[in-house]
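Start at 1 and go down the list; that is how both ligands and their atoms are numbered.
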Amino acid sequence: MDKIEMTTPLVEMDGDEMTRILWKMIKDELLLPFIDLKTEYYDLGLKHRNDTDDRVTVDSAEATKKYGVAVKCATITPNAARVKEYDLKEMWKSPNGTIRAILDGTVFRAPILVKGIDPNVKTWKKPITIARHAYGDVYKAAEMKIPGAGKVELVYTKPDGTEERELIHEFKGPGVIQGQHNINASIESFAHSCFKYALDTKQDLWFSSKDTISKKYDHTFKDIFQDLYDNEYKDAFEKAGITYFYTLIDDAVARVMKSEGGFIWACKNYDGDVMSDMISSAFGSLAMMTSVLVSPSGVYEYEAAHGTVQRHYYKHLNGEDTSTNSVATIFAWTGALRKRGELDKLSKLMEFADNMEKACISTIEKGKMTKDLALITELSDVKVLNSEDFIKAIRAEYEEMTGA
Ligand code: NAP
Ligand code: MG
């Protein structure tokens, strides 16, 4: 059988630990036998990041800007223990943070649904995608402990030296204060990424904040989304048959719990932090959560939402069998390949991505799965496979399904 052709390379960002082991297995078993795979390879494994003074991370992000689509393996974000373990020159920054800063993107996380692993919320039938704004608010706040009586004000000093002031509180005794900020340009980028991704995936977009209480801060977010929608996206949304919908965060939470799913929920930074963990745990498993970074200019980087699965890697190094779930990493590849196929008008590549995803889902639905899923499934006749055999089972399913 002829291999499926590609015209433009994917930017391939290799990573660390157990996911690096899975990465190679996925390429060898599920991609290279079927696709004439073209990638521009960047090794973001911690050793190579250290060897290149982290230049490789920046280069991979620049390449993503150039080609438009990347696929990334999970990577270690160094902490003190990792500096020792890998004898690092420095505590290098989180690669995801570096890449996100260069692409100015928004992260969209969505669960992969399979029959037999049912969401804890009974009404959820389709995935709920969370988009989290990744700049500012409480994450870049200045804070003070106020020891006792005194006046606290917000002061804005203009370039000409004049000031504008707003009283925060006249303290009678001890307390605390916090100063938050955000930037219109960042909110606009966030909104563009959300509107683009909604059009891309043909899903409704919800955005929520607390503008009734925060009449200037949160209201600015609401206004920026509404202005962009009215001026740039309304026609395209109507044509695509999808809607943009703003509501208060508490109303959004209530509606989400009663919904069927199948939409994108855009959240401010803190709301997104909290809600994404709520959504992912209620859907079942971190190992079944996909993640894509979308830049306002329409550049895409696909990955799994989970980390490098360190505990499994140490078992693997000890020669013990592992049962690590590769589904989210496979979906990172298929997401990237489908997007590449769409941009380059390669219908066979898009079809491959669809079929490989179907093969993953039907393998699990037939009861063949990794241990993490076996622990939570409703299916009764279950066969727990090790990391490698699970990937081989997906390959067999793909070949049976497509006659490849
Ligand atoms: P993790 O790799 O997500 O794993 C945490 C635990 O979740 C695992 O020990 C495992 O539970 C379970 N798990 C996660 N993915 C799984 C999978 N595919 N199959 C089966 N079980 C899975 O998080 P971590 O151990 O806290 O972090 C390890 C490293 O990953 C850290 O160095 C961190 O910096 C990095 N990290 C990277 C990214 C990224 O690149 N996007 C994201 C998060 C973390 P059991 O051990 O109970 O089986
Ligand atoms: Mg969090």
Derivation of the ring pair (Phe, Tyr, Trp, His ring centres under 6.0 Å) call for Phe34 and Tyr398: CA-CA 10 Å; Phe34 309 108; Tyr398 174 82; 4.7 Å; yes

Ligand 1 contacted by Lys371 (non-hydrogen, < 4.0 Å):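 For ligand 1, residue contact (heavy atoms, under 4.0 Å) with Lys371 is absent.
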
Sub-4.0 Å heavy-atom approach of Met18 to ligand 1: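 Outside the 4.0 Å threshold, so no.
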
Heavy-atom side-chain contact between Trp124 and Ile279 under 4.5 Å: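 Counting from C-beta outward, Trp124 and Ile279 do come under 4.5 Å.
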
Close side-chain approach of Lys339 to Leu10, heavy-atom, < 4.5 Å: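 Heavy-atom side-chain distance check fails, nothing below 4.5 Å.
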
Parallel, tilted or perpendicular, as decided by the 30° and 60° cut-offs, for the rings of His169 and Phe171: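 Geometry flag for His169 against Phe171: perpendicular rings.
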
Any non-hydrogen protein atom less than 4.0 Å away from atom 6 (C) of ligand 1: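 Within 4.0 Å: no protein heavy atom nearby.
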
Flag, side chain of Ser323 to backbone of Leu385, donor-acceptor distance under 3.5 Å: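 Here the side-chain-to-backbone pair exists.
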
Between Glu188 and Asn184, a side-chain donor and acceptor under 3.5 Å: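 No donor-acceptor contact under 3.5 Å links the two side chains.
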
Thr75 N/O to ligand 1 N/O under 3.5 Å: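 Yes; the residue has a nitrogen or oxygen that sits under 3.5 Å from a nitrogen or oxygen of the ligand.
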
Polar proximity ligand 1 side, Gln310 side, N/O cut 3.5 Å exclusive: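 No.
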
Residue selection (non-hydrogen contact nearest atom 30 (O) of ligand 1) among Thr370, Asn325, Thr308: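 Among Thr370, Asn325, Thr308, the closest heavy atom to atom 30 (O) of ligand 1 comes from Thr308.
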
Thr324 neighbourhood, listing ligand 1 atoms whose heavy-atom distance to it stays under 4.0 Å: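 So the answer, numbered in order with elements, is 17 (C), 18 (N), 19 (N).
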
Per-atom contacts of ligand 1 with Gly307, taking only distances under 4.0 Å to non-hydrogen atoms: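 Under 4.0 Å from Gly307, ligand 1 has these atoms: 1 (P), 2 (O), 3 (O), 30 (O), 36 (N), 37 (C), 38 (C), 42 (C), 43 (C), 44 (C).
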
Candidate list Trp265, Tyr244, Phe225, Phe245, test ring-ring contact (aromatic ring centres under 6.0 Å, His included), partner Trp206, passing option: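 Only match with Trp206 under ring-ring contact (aromatic ring centres under 6.0 Å, His included): Phe245.
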
Protein heavy-atom partner closest to atom 2 (O) of ligand 1 - residue, atom, separation in Å: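 Among all protein heavy atoms, the one nearest atom 2 (O) of ligand 1 is Val309 N, 2.7 Å.
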
Closest protein heavy atom to atom 34 (O) of ligand 1, given as residue, atom name and distance to 0.1 Å: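 Checked against all protein heavy atoms, atom 34 (O) of ligand 1 sits closest to Thr77 N, 2.9 Å.
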
His306 contact mode with ligand 1 (heavy-atom cut-off under 4.0 Å):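 Near ligand 1, His306 shows its backbone as well as its side chain.
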
